[in-house]
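To keep things clear, I will list the structure first and then write my remarks on it.
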Amino acid sequence: MNWMDKYELWESNSNLDEEMVKLLEEMKNDEKAKEDSFYKELEFGTGGMRGEIGAGTNRMNVYTVRKASEGLARYIDSFGEEAKKGGVAIAYDCRHKSPEFAMEAAKTLASHGIQTYVFESLRPTPVLSFAVRKLKAFSGIVVTASHNPPEYNGYKVYGPDGGQLPLLEADQVISKVQEVENELEIKVESEESLKEKGLIKIIGEEIDREYQEMLKTISVHPELGQEMGDKVKVVFTPLHGTANLPVREGLEALGYRNVKIVAEQELPDPNFSTVASPNPEEHAAFELAIRDGKEMDADILIATDPDADRLGVAVKDESGEYVILTGNQTGALFLHYLLAEKKATGTLPDNGVMLKTIVTSEFGRTIADSYQVATVDTLTGFKFIGEKMKEYEATGQYTFLFGYEESYGSLIGDFARDKDAVQAAVMAVEICAFYKKQGKTMYQGLMELYEKYGYYLEGMKSLTLKGKEGAEQIASLLTAFRDAAPSEVNGYKVEIVEDYAVQERTVTASGKQEKIELPKSNVLKYFLEDGSWVCVRPSGTEPKVKFYFGIQSETLEQSKEKLEEISKAFMVKVEDLLAELNSAGKA
């Protein structure tokens with residue numbers, strides 16, 4: 001069935017709701033819009049699905065949410081009555097249609113006799129992860145598109161450990177979703193009748209309270225809040241998302257009361273009207289926080305993304321101006337504080353482990369090595385960190401201490417199994433208090449780490465290529481790099497090529513190959529003769545291909561200069577390659 005057939009199938013269906021009928025009518029004479037909305041199914045991948053809200057098989061809507069939920073229901077059915085009784089916890093963020101999509105998921109699951117627990121109002125993603133574990137649910141769903149633009153929404157699935165589904169289980173759910181032939185024919189019972197049967201239960205306050213109790217346990221020095229709580233000045237922005245109340249409650253419980261909330265960004269807003277992008281990785285997202293920080297003379301500015309799994313931090317540099325730390329820098333500060341202070345208090349385990357992704361800085365590994373703490377790399381995506389946590393919990397091989405990725409996500413306490421910006425916010429303020437007690441800023445603390453361990457710097461560039469055509473361009477670009485790896489970047493020879501799609505590491509000079517002991521993934525990584533590295537990876541959640549860079553030099557200025565040179569040189573190669581592919585009609 002081609003895209004036109006699918007459009008006509010939807011257009012002729014008498015059961016469509018009024019909104020879908022209107023949207024289909026609006027695209028009636030727009031062939032490009034119809035093709036993009038129907039040329040494929042909205043992909044339900046290993047992390048769930050994400051896409052623009054609208055009509056069609058390639059859009060987030062009631063019917064595609066039902067299809068995903070129908071597939072999950074069939075997967076749960078296959079495990080029998082105990083799995084159905086364990087049920088599914090469901091949370092949602094502040095986006096357009098999030099409450100509706102969450103309830104559609106609950107109705108679809110409950111219509112199969114599966115117990116569902118739906119949060120009464122928006123909640124952070126990590127609180128959903130915690131709820132799955134606390135309720136001993138068989139699965140979890142969070143309706144969110146994280147920091148994507150306002151027109152997007154998404155649907156992520158969690159396993160009984162509270163982590164995103166591992167690859168094997170995700171593939172099984174995907175298979176069940178793909179078995180659903182027509183999303184328009186899925187029958188669901190009414191919300192009222194399912195609530196009367198007890199199959200849809202509303203949750204909230206008790207889970208929140210228990211999460212907050214666990215949040216207190218991540219503090220290494222809880223006495224700091226009592227001593228420095230009124231002295232540390234904090235500006236916090238939830239960027240219109242879900243973190244407002246949980247972060248404020250967490251800080252107050254530990255004694256940090258001198259907190260100013262950015263008023264314009266305090267309340268939920270599905271349009272994220274004060275920012276171009278609700279992403280703390282984007283420096284523009286801190287504009288209002290910096291304004292308030294200057295008025296207050298704040299020690300630290302913190303920003304969470306809409307579903308509160310990523311935290312951005314800004315602190316004063318030596319000139320007194322606010323600088324936004326990278327995820328790698330924040331992660332290094334967190335890691336060093338946790339390891340150094342646990343060692344000082346005698347609570348650092350002998351078999352500790354730090355988990356990071358393959359595109360995260362080597363800064364963390366160097367810090368962990370200095371405390372005899374193991375470092376384990378995973379593929380990009382926090383689900384892989386959660387999977388390792390589950391493995392080590394079962395085997396006892398390692399004790400989890402910290403997990404992080406370069407894209408502002410981290411986890412400290414293992415009571416959640418996805419990245420947790422609420423935990424990170426509380427920890428960032430505690431570290432700020434730790435340094436302020438010594439008469440230092442967090443920036444000075446970071447410079448001390450650089451001086452001790454080396455000047456590691458990282459960067460990321462991306463290309464946004466939307467729609468069917470964009471997806472084809474990204475695929476062609478990766479194929480071209482795979483077929484002909486660059487021999488040098490900015491004059492530095494490429495010494496090692498890692499191809500995660502074939503799970504091989506190749507030494508270019510000798511041709512010697514080793515197996516990469518990680519799952520297959522469409523990722524390429526190049527190690528240069530000077531110790532720098534470059535990684536090419538299509539985004540799993542956005543229409544982008546990302547390019548990561550990591551370097552180390554003798555000084556911060558040298559590192560900045562080299563990072564600029566290497567990233568610029570590699571992006572020229574990317575542009576040249578895209579031009580070649582376009583001229584050859586391959587992109």
Side-chain angles (χ1 to χ4, degrees), residues 85-94 99 102 106 115-144 156-164 198 200-222 225-226 236 238 241-257 259 268 304 307-311 338 347 382 385-386 389-390 393 399-403 409-430:
K85 287 178 185 175
V88 182
I90 303 173
Y92 56 90
D93 69 4
C94 58
Q115 181 66 59
T116 61
Y117 304 91
V118 184
F119 273 98
E120 62 191 357
S121 57
L122 53 79
R123 290 297 190 283
T125 288
V127 173
L128 180 278
S129 174
F130 173 77
V132 170
R133 295 174 62 80
K134 191 68 186 177
L135 294 167
K136 295 183 170 55
F138 186 80
S139 184
I141 297 168
V142 61
V143 177
T144 178
K156 290 199 294 187
V157 180
Y158 290 75
D161 65 326
Q164 292 183 52
I200 294 179
K201 292 183 179 178
I202 304 302
I203 59 172
E205 186 179 336
E206 186 177 343
I207 295 292
D208 295 340
R209 186 168 58 251
E210 292 173 337
Y211 174 85
Q212 286 291 331
E213 285 302 310
M214 292 305 298
L215 187 60
K216 294 175 189 174
T217 67
I218 71 168
S219 175
V220 183
H221 290 301
Q226 304 309 314
F236 167 49
T242 61
N244 181 23
L245 295 179
V247 167
R248 292 165 72 172
E249 289 170 14
L251 289 172
E252 187 171 350
L254 287 170
Y256 300 101
R257 292 173 290 274
V259 180
T304 52
D307 71 321
D309 62 358
R310 299 171 194 245
L311 178 83
L338 289 166
T347 57
F382 220 87
I385 290 177
M389 291 171 69
K390 182 180 179 181
E393 185 178 52
T399 298
F400 171 78
L401 293 173
F402 184 61
S410 66
L411 184 63
I412 300 153
D414 67 357
F415 50 90
R417 292 297 168 91
D418 204 349
K419 50 188 181 283
D420 189 341
V422 182
Q423 289 191 38
V426 169
M427 182 55 62
V429 173
E430 178 170 316

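The structure presented is a predicted model; accordingly, all values stated were derived computationally and were not measured.
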Using the side-chain contact (heavy atoms from CB on, under 4.5 Å) rule, take Leu135 and Ile203 through it: C-alpha gap first, then chi angles, then the decisive distance, then the call. CA-CA 10 Å; Leu135 294 167; Ile203 59 172; 4.0 Å; yes
* Asked: For the side chain of Gln212 and the backbone of Pro246, is there at least one donor-acceptor N/O pair under 3.5 Å apart?
  -> yes
Correct closest heavy-atom pair for Phe382 and Asp418 would be CB-OD1, 3.6 Å
On a heavy-atom basis, the closest approach of Val422 and Pro124 is CG2-CG, 4.4 Å
| So Ile141 and Val88, side-chain contact (heavy atoms from CB on, under 4.5 Å) or not? Walk me through it. | CA-CA 7 Å; Ile141 297 168; Val88 182; 4.0 Å; yes
When every non-hydrogen atom of Pro99 is compared with those of Tyr92, the smallest separation belongs to CG-CE1, 3.7 Å
Got a donor-acceptor contact below 3.5 angstrom from the Ser129 side chain to the Gly163 backbone?
no
Check your understanding: Does the Ser410 side chain pair with the main chain of Gly403, one donor and one acceptor, at a distance under 3.5 Å?
Key -> no
CG of Leu411 to CE of Met427, rounded to nearest 0.5 Å, is 11.0 Å
Closest heavy-atom pair, Ala243 versus Thr304, reported as atoms and distance to 0.1 Å, is CB-OG1, 3.2 Å
In this structure, OG1 of Thr144 is separated from CG of Asp309 (nearest 0.5 Å) by 7.0 Å
For Glu430 and His221, indicate whether the former's side chain and the latter's backbone hold a donor-acceptor pair under 3.5 Å.
yes
Rounding to 0.5 Å, atoms CD1 (Ile207) and CZ (Arg133) come to a distance of 12.5 Å
Taking every heavy atom of Ala91 against every heavy atom of Arg123, the minimum-distance pair comes out as CB-CB, 4.4 Å
request  = Answer yes or no: are there more than 12 heavy-atom neighbours, outside Glu120 itself, under 6.0 Å from its atom CD?
outcome  = yes
All heavy atoms of Thr217 vs all of Phe415, minimum pair found to be OG1-CE2, 4.1 Å
The single option from Thr242, Leu128, Thr125 that satisfies side chain to side chain contact (heavy atoms under 4.5 Å, CB included) with Asp93 is Thr242
CZ of Phe119 to OH of Tyr117, rounded to nearest 0.5 Å, is 12.0 Å
Distance col, row Gln423:CD vs Phe130:CZ, nearest 0.5 angstrom, shows 10.5 Å
Criterion side-chain contact (heavy atoms from CB on, under 4.5 Å) on Glu393 and Arg417, from CA distance to verdict: CA-CA 12 Å; Glu393 185 178 52; Arg417 292 297 168 91; 3.2 Å; yes
If you define the side chain from C-beta out and look only at heavy atoms, does anything of Leu122 sit under 4.5 Å from Pro268?
yes
Handout entry: Criterion side-chain contact (heavy atoms from CB on, under 4.5 Å) on Asp420 and Ile412, from CA distance to verdict
Key = CA-CA 8 Å; Asp420 189 341; Ile412 300 153; over 6 Å; no
Distance col, row Lys85:NZ vs Gln115:CD, nearest 0.5 angstrom, shows 11.0 Å
